[in-house]
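In what follows, chains carry the letters A, B, and so on, assigned in the order in which the sequence lines appear, proteins first and then strands, with residues in each chain numbered from 1. Quick caveat: nothing in here was measured; it's all calculated off a predicted structure.
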2 protein chains.
Amino acid sequence: MAPRKKQAPEPTTTSPVSMADLARELGVSMTTISRALSDHHSIGPAMKQRVLKLAKKYNYQPNRLASALRKGKSQLIGIIVPYIEGRFFPSVVHGIETAASKAGYNVIICQSNEDVAQERRNLEILLSAQVAGILVSLSRTTLDFRHFEKVRSRGLPLVFFDRIVEGDKVNAVVLDDQEGGYVSTRHLLSQGCRRIAHLAGPQHLNIYKNRRQGYLDALAEAGIPLDEALIHYSDMNQEQGIAAMRELLSLPEPPDAVFAAGDYSALGAMQEARRQGLTVPDDIAITGFSNEAFTLIAEPAMTSIDQRCEEMGQAAVRLLLEVIDADGAPFTPRQVALRPELLVRNSSLRQPEARLPAGKLVSSFTP
Amino acid sequence: MAPRKKQAPEPTTTSPVSMADLARELGVSMTTISRALSDHHSIGPAMKQRVLKLAKKYNYQPNRLASALRKGKSQLIGIIVPYIEGRFFPSVVHGIETAASKAGYNVIICQSNEDVAQERRNLEILLSAQVAGILVSLSRTTLDFRHFEKVRSRGLPLVFFDRIVEGDKVNAVVLDDQEGGYVSTRHLLSQGCRRIAHLAGPQHLNIYKNRRQGYLDALAEAGIPLDEALIHYSDMNQEQGIAAMRELLSLPEPPDAVFAAGDYSALGAMQEARRQGLTVPDDIAITGFSNEAFTLIAEPAMTSIDQRCEEMGQAAVRLLLEVIDADGAPFTPRQVALRPELLVRNSSLRQPEARLPAGKLVSSFTP
DNA sequence: TTGTACGCGTTATCAT
DNA sequence: ATGATAACGCGTACAA
């Protein structure tokens, strides 16, 4: 038997009231109740009021499970992210949840922990939860994408964000990382830097590949030949930034600037440079990527790229809702690229007179 | 009609296979399928294998909606947090999701945006989604708690974390904030500070009330009379930290230390102190609360309290699962207090020889 | 405008 | 060990 107890109600707990209960009380059919509640057109205004009033009185809550089962679609959106840490993903999730709930959807969230296997499991779970659509940012270890075929074959709306499957066959929202790499590097060039190093991330991830490409574009445009020795590949954490800077500074011709594809590695690099007695930005200018909270606190404040985290979440939801609302009708996949914003701070400003006084506000965020 | 199409299958999309499909194919009843899949005892091992094999072949996914509807409980846990930003809540959510998925639950997340009305709406939504239990951290504007009575009356497991309803009638997991305030203040006293100011948050929130109480306890213990002029109340953001420090420094007898109940306000305070030419910690020692990422980057690195975010998420899930597994049996509410960890850094170390070199690692976190 | 009846996919109960 | 059947709560085609 189901756990609900009608004949033997317990004193402490109350069972939720169903449409059938309302129907019985009003002496009408469930259909009428259903219509009144869902604002159907063929329902008398008088009856509608009676139903709504009773529903309010009993604090009727529709059972979304039953509704979803009947309709074959829930009001849930599934998210798969590598993790919920740092600045980026929480902010995107924030944006997603805000936009989704505004549209009447709720959000069920899964972490892949950068593990394809878990990403696959999460996908299965979301499928079996009958979500209305799925938003995914790929795990670092996702190199083959067959598991997403199952989603496609179910006809389930799917939108990638940030870490995406490349190509025009999928819906995707990204920051224009190439543009980000490009403007960062252009900025360093404008400061008079000529030997610009690059701390690059794993190249199978679109974000790092594109940031590097933007860097290359800017160098090419400036007529500066590429020196592969100036590009250092790593997983982009702080330790690796330190190691990278150590290597770069031991080159016969050390760089006069570093464009790091991530703030943490930029921070490590900056710390190592200063530890070796160099002045940032005079001896070596540094820029990061992501606009982590600490970039404003760093000494000197670190130039970085804002990733429009919340906008990305909003845009992803908007796109997903479009696909959902198309309801199976042929939908041409779309790729959205958000414009990055270069935030110039002291770590890359060669002209002292242009620099800002230290101690600016981190943000207006109230924790 | 439901959107599933069996008689007119579309070429591009495949409908999920149900237990009925498997039953038909094997020429057995759905009951048998159900038993095989749910590892029931009365099922022949041979039959069980046949079913499992077929299920694998067709990649059968149970419809969790249907299962939940039948059983009256889903495998979903609802979370309500004020927002998903900063360091604390994302980390707790991270801990919650990790622990929950390990136990076979998924997590649906809602933000109240510090708004009671939205908190109430979220609660209704989670109820109507038939979640198995709810985890809540109260909004800042939640002063009356009647909406949680509905949850209790439904017999739905409920656990508060961090921002809780006080008392022994509820399940709750918190950091021992009072202890945090106490050890912070004791530490400042041990550094020789005697006029210790306190940047306090809204006192209707247990966390801020308790941090303040710990501060008072430590002062009383040290025989230092309370000076209300040294306690500054605000919403604890950076601007307010700046304003607070400005006020404090204009006192006839300015403080020689500040215990801030939040890192952001501590940061503002520190910046303002330095702007006015004071040296931290020599002229004024400062400690914060939360161990935000930037505390290690700040100049000087900021002493703070680690809030055990992930442990809190884990503990909340553990407690919630206990209540869920009690399955309606009388469960005596429990309150869990996590031990805070004081992280002593240069912003409060009066003896120069004890200080650490600058440029320590932020964390081993790889973004 | 309102009611009847069935089905969504799963599981619990009862019978065999 | 297996099967038949009803029920969870809601939505809709169809009849009235």
Side-chain angles (χ1 to χ4, degrees), chain A residues 1-7 15-51 55 58 60-75 127-132 154, chain B residues 1-7 15-51 55 58-75 127-132 154 327:
Chain A
M1 200 184 83
R4 267 189 60 188
K5 288 144 198 174
K6 270 183 182 167
Q7 29 264 59
S15 33
V17 45
S18 73
M19 294 196 344
D21 299 327
L22 299 181
R24 205 175 318 113
E25 174 115 1
L26 279 186
V28 299
S29 80
M30 276 178 51
T31 313
T32 304
I33 306 292
S34 174
R35 287 188 175 129
L37 292 173
S38 53
D39 219 17
H40 195 275
H41 61 273
S42 57
I43 180 82
M47 177 59 87
K48 186 167 149 187
Q49 284 317 309
R50 286 178 61 203
V51 173
Y58 282 152
Y60 166 78
Q61 298 289 132
N63 185 325
R64 303 182 97 195
L65 247 45
S67 168
L69 176 61
R70 181 68 235 289
K71 299 203 285 195
K73 287 247 172 287
S74 71
Q75 288 292 103
L127 284 176
S128 74
Q130 316 298 118
V131 296
R154 279 267 205 292
Chain B
M1 201 183 83
R4 268 189 60 188
K5 290 147 196 170
K6 270 183 184 167
Q7 29 264 61
S15 32
V17 46
S18 74
M19 294 196 341
D21 299 327
L22 300 181
R24 205 176 318 110
E25 174 115 1
L26 279 187
V28 298
S29 79
M30 279 176 46
T31 313
T32 303
I33 306 293
S34 174
R35 284 186 177 132
L37 293 172
S38 54
D39 219 17
H40 195 278
H41 61 273
S42 59
I43 181 81
M47 177 60 87
K48 187 167 148 187
Q49 284 317 309
R50 285 178 64 202
V51 173
Y58 283 151
N59 211 292
Y60 166 77
Q61 299 289 132
N63 186 326
R64 304 180 98 197
L65 248 44
S67 169
L69 176 60
R70 182 64 241 270
K71 300 204 284 196
K73 285 246 175 287
S74 71
Q75 289 291 102
L127 284 176
S128 74
Q130 316 296 117
V131 296
R154 280 266 205 293
D327 196 36

So, is B:Thr32 near the phosphate of D:dG3, with a side-chain N or O under 4.0 Å from OP1 or OP2? yes

Without decimals, in angstroms, what is the distance between B:Ile33 CD1 and D:dA1 P? 17 Å

Which part of the nucleic acid, if any, lies within reach of B:Met19 when heavy atoms closer than 4.0 Å are counted: base, sugar-phosphate only, or nothing? base

Rounded to the nearest Å, what distance is computed from the NZ atom of residue B:Lys73 to the P atom of nucleotide D:dG9? 12 Å

For A:Arg70 and C:dC8, give me the distance from atom CZ to atom P, rounded to whole Å. 8 Å

Base, sugar-phosphate alone, or nothing: which one does B:Thr31 contact when heavy atoms must sit under 4.0 Å apart? base

What is the distance from atom CD of A:Gln49 to atom CD1 of A:Ile43, rounded to the nearest 0.5 Å? 10.5 Å

List in chain and number order the residues that pass side-chain contact (heavy atoms from CB on, under 4.5 Å) with B:Gln61, two or more places apart in sequence or in another chain; answer none if no residue qualifies. A:Glu124, A:Ser128, A:Arg154, B:Asn59

If only side-chain N and O atoms of A:Ser18 are considered, is one of them under 4.0 Å from the OP1 or OP2 phosphate oxygen of D:dG9? no

Checking contacts here: which listed nucleotide (C:dG3, D:dC10, D:dA6) is nearest the side-chain heavy atoms of A:Tyr60? D:dC10

If you find the nucleotide of DNA chain C closest to B:Arg35 and the one closest to B:Leu65, which residue's nucleotide is nearer the 5' end? B:Leu65

Apply side-chain contact (heavy atoms from CB on, under 4.5 Å) to B:Met30 and list each qualifying residue two or more places apart in sequence or on a separate chain. B:Met19, B:Ala20, B:Ala23

OP1 or OP2 of C:dT10 versus the side-chain N and O atoms of B:Ser34: is any pair under 4.0 Å? no

When we call it a touch if two heavy atoms are under 4.0 Å apart, what does B:Arg64 touch: a base, just sugar-phosphate, or nothing? nothing

Could you state the CG-P distance from A:Asn63 to C:dT10, rounded to the nearest angstrom? 17 Å

Does C:dT10 have its OP1 or OP2 closer than 4.0 Å to a side-chain nitrogen or oxygen of B:Ser67? no

Only counting residues at least two apart or in another chain, list the ones meeting side chain to side chain donor-acceptor pair (under 3.5 Å) with B:Ser38. none

For A:Glu25, side-chain contact (heavy atoms from CB on, under 4.5 Å) partners two or more places apart: A:Leu54, A:Lys57, A:Tyr58

B:Ser67 meets the side-chain contact (heavy atoms from CB on, under 4.5 Å) criterion, sequence neighbours left out, with B:Lys71

Just how far, in rounded Å, is P of D:dC10 from CD of A:Gln130? 18 Å

Closest to side chain of A:Val28, choosing from C:dG3, D:dA7, D:dG9: C:dG3

Counting only heavy atoms and a strict 4.0 angstrom limit, can you tell me which residues of residues 39-51 of chain B come near DNA chain C? none

Among B:Thr32, B:Leu26, B:Ile33, which residue satisfies the side chain to side chain contact (heavy atoms under 4.5 Å, CB included) criterion with B:Ser29? B:Thr32

